[in-house]
Amino acid sequence: MPHIIHTERTEPKRRFVRTDGALYVLLLLGTLGAIALSFFLSNRLGVNKLYLQIGLYAVLLGTGYWIYRTRLVDYLYELYDTDLRVTQIVGSKQKLLLTVPLDCITEVGPYRKTDAKPAERTFHGAREKTAAVWFTENGERRVLCLNASDALLRKLTEAVHAGE
């Protein structure tokens with residue numbers, strides 16, 4: 001049975017809209033505004049309402065997906081004595097994204113562009129501002145980007161070097 005060494009959960013930064021209630025109100029107002037805008041443009045420009053509504057709802061759908069990815073998704077990083085696990089959390093739903101055995105990790109450090117294939121998205125913000133874990137999987141070099149704290153990076157480095 002593996003023993004947990006360190007765990008941390010990263011949440012996206014709440015820059016403009018700080019509370020969930022305000023976010024929901026803004027989304028509701030945006031939806032009502034899109035409906036009103038489609039009617040206004042339809043009457044003003046004489047364009048078929050259906051085409052305007054399809055376009056505006058596509059924009060709303062894209063905005064909803066963007067909000068989901070940048071605001072509602074959290075990541076849980078768990079370091080065990082045998083592996084590193086990354087779990088995606090949305091509300092109460094958890095999904096294990098990746099498990100990297102410690103003996104497969106070749107390097108830990110700040111992200112830099114390499115020829116390694118990127119793993120699934122497990123971070124918030126720009127890739128250039130993340131910490132990276134390079135590992136091999138099925139003979140292929142891969143890189144995992146994390147919004148990890150210095151404590152997690154230090155313990156991960158220690159765990160990787162302890163196994164060597």
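For the atom pair CG of Asn147 and NE2 of His124, the computed distance is 6.5 Å after rounding to the nearest 0.5 Å. Taken from OG1 in Thr31 to CG in Leu26, the straight-line distance is 10.5 Å, to the nearest 0.5 Å. Interatomic distance, OH of Tyr75 versus OG1 of Thr10, reported as 8.0 Å (0.5 Å rounding). Here the CG atom belonging to Leu76 is positioned 7.0 Å from the CZ atom belonging to Arg9, to the nearest 0.5 angstrom. If you take CG on Leu84 and CD1 on Ile5, they are separated by 10.0 Å, rounding to the nearest 0.5 Å. Between the CG atom of Leu97 and the CD atom of Glu120 there is a distance of 5.0 Å, given to the nearest 0.5 Å.
Partners of Asp103 under the side chain to side chain contact (heavy atoms under 4.5 Å, CB included) rule, at least two apart in sequence or in another chain, are Pro101. When the salt bridge (charged side-chain N to carboxylate O under 4.0 Å, His left out) test is applied to Arg121, no partner is found at least two apart in sequence or on another chain. With sequence neighbours excluded, no residue forms a side chain to side chain donor-acceptor pair (under 3.5 Å) with Arg44.
Both Leu156 and Val86 are part of a single hydrophobic cluster, where members link through side-chain heavy atoms under 4.5 Å apart. Using a 4.5 Å cut-off between side-chain heavy atoms of Ile, Leu, Val, Met, Phe, Trp and Tyr, with links allowed through other members, Leu56 and Leu45 fall into the same hydrophobic cluster. Val160 and Leu152 fall within the same hydrophobic cluster, where Ile, Leu, Val, Met, Phe, Trp and Tyr residues are linked whenever their side-chain heavy atoms come under 4.5 Å apart, directly or through other members. Linking ILVMFWY side-chain heavy atoms closer than 4.5 Å, directly or via other members, places Leu153 and Val100 in a single hydrophobic cluster. At a threshold of 4.5 Å between side-chain heavy atoms, the hydrophobic network of Ile, Leu, Val, Met, Phe, Trp and Tyr places Leu60 and Tyr65 in two separate groups.
Here the side chain of Asn138 pairs no donor or acceptor atom with the backbone of Glu140 at under 3.5 angstrom. Side-chain N or O atoms of Thr106 include one that pairs as donor or acceptor with a backbone N or O of Trp134 at under 3.5 Å.
In terms of heavy atoms, Leu52 sits closest to Ser42 at CD1-N, 3.4 Å. Contact record, Thr130 with Cys145: OG1-CB, 3.5 Å, taken as the closest heavy-atom pair.
Sorted by first and then second residue, the pairs that involve residues 76-89 and meet side-chain hydrogen bond (donor to acceptor under 3.5 Å, both in side chains), not counting sequence neighbours, are Asp83-Arg85. Pairs of residues two or more places apart, or lying in two chains, never qualify as ring-ring contact (aromatic ring centres under 6.0 Å, His included) while including a residue from residues 23-60. Residue pairs meeting the salt bridge (Lys or Arg N to Asp or Glu O under 4.0 Å) criterion with at least one partner in residues 125-138, sequence neighbours excluded, are Glu137-Arg142.
Salt-bridge formation is detected for the pair Arg112/Glu107: a Lys NZ or Arg NE/NH1/NH2 atom is positioned less than 4.0 Å from an Asp or Glu carboxylate oxygen.
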For the pair Thr63 and Val59, evaluate side-chain contact (heavy atoms from CB on, under 4.5 Å) and give the outcome as yes or no after the intermediate values. CA-CA 6 Å; Thr63 303; Val59 169; 4.1 Å; yes
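Other residues, nucleotides and ligands contribute at most 12 non-hydrogen atoms within 6.0 Å of the CG atom of Asp150.
The closest side-chain heavy-atom distance from Leu102 to Leu79 is below 4.5 Å.
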